Amino acid sequence: MEPVRDRLIRVTFNADTHASIQWSFKPQQSEIYVVPGETALAFYKAKNPTDKPIIGISTYNVVPFEAGQYFNKIQCFCFEEQRLNPQEEVDMPVFFYIDPEFAEDPKMAKVDLITLSYTFFEAKEGQKLPLPGYQ
């Protein structure tokens, strides 16, 4: 994988929580700059401010949607249950890269901003969240 050094992309980070979960959840950085083909590491912070353990599960999306097929997560906390004990706070890494083919796609020619957004939900027994699909 060869980095495309002449193509700088700003990646911004968003964090939301569903009304079902009482966590505090936020990105630790608002943005980073990456080039296609180079790995990057970002962190989110989650805290359970309650007096009971809570299990959360997150989904994510990438905007613009068409860029999602080039956004590859190597390590991510999404779609895996995360248990936080009372007052526990954790850092959650997202290790990712943008496929170098991004720079070759004419539809991505004017895209210089990608937003990675996560939403945490309280996990329910037997609950399965849909995996995002890209055509």
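Because the structure is predicted, anything quoted here is derived from the model rather than measured.
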Output a table of donor-acceptor pairs, distance under 3.5 Å, between side-chain atoms of residues 110-118 and any protein atom two or more places apart or on a different chain; print 'none' if there are none.
unit_1	atom_1	unit_2	atom_2	d
T115	OG1	T12	OG1	2.7
S117	OG	N14	ND2	2.8

* Asked: Would I54 and K52 satisfy side chain to side chain contact (heavy atoms under 4.5 Å, CB included), going step by step from the backbone distance to the final call?
  -> CA-CA 6 Å; I54 296 176; K52 64 179 172 95; 4.2 Å; yes

* **Heavy atoms from other residues, nucleotides or ligands near CD of E2 exceed 12 (cutoff 6.0 Å)** => no

* Sequence neighbours excluded, which residues qualify as salt bridge (charged side-chain N to carboxylate O under 4.0 Å, His left out) partners of R83? -> none

* Asked: Can you name the side-chain contact (heavy atoms from CB on, under 4.5 Å) partners of D91, sequence neighbours left out?
  -> Q28, F43, K45

* How many angstroms lie between CZ in F120 and CZ in F25, if you round to the nearest 0.5 Å? -> 5.0 Å

* Write out all pairs satisfying salt bridge (charged side-chain N to carboxylate O under 4.0 Å, His left out) with one or both partners inside residues 22-33, taking only residues at least two apart or from two chains. => R10-E31

* **Residues that F13 engages under ring pair (Phe, Tyr, Trp, His ring centres under 6.0 Å), provided they are two or more places apart** => none

* To do: Keeping the roles fixed (side chain from Q87, backbone from P49), state whether a donor-acceptor pair exists under 3.5 Å.
  => yes

* **side chain to side chain contact (heavy atoms under 4.5 Å, CB included) between K47 and L84, worked out** => CA-CA 7 Å; K47 181 176 182 177; L84 294 185; 5.7 Å; no

Considering only distance and modelled atom types, tabulate donor-acceptor pairs under 3.5 Å from the side chains of residues 97-109, sequence neighbours left out.
unit_1	atom_1	unit_2	atom_2	d
D99	OD1	E101	N	2.7
D105	OD1	K107	N	2.8
D105	OD2	Y70	OH	2.6

* According to a 4.5 Å side-chain heavy-atom criterion applied to Ile, Leu, Val, Met, Phe, Trp and Tyr, with indirect links allowed, do F96 and V4 form part of one hydrophobic cluster? -> no

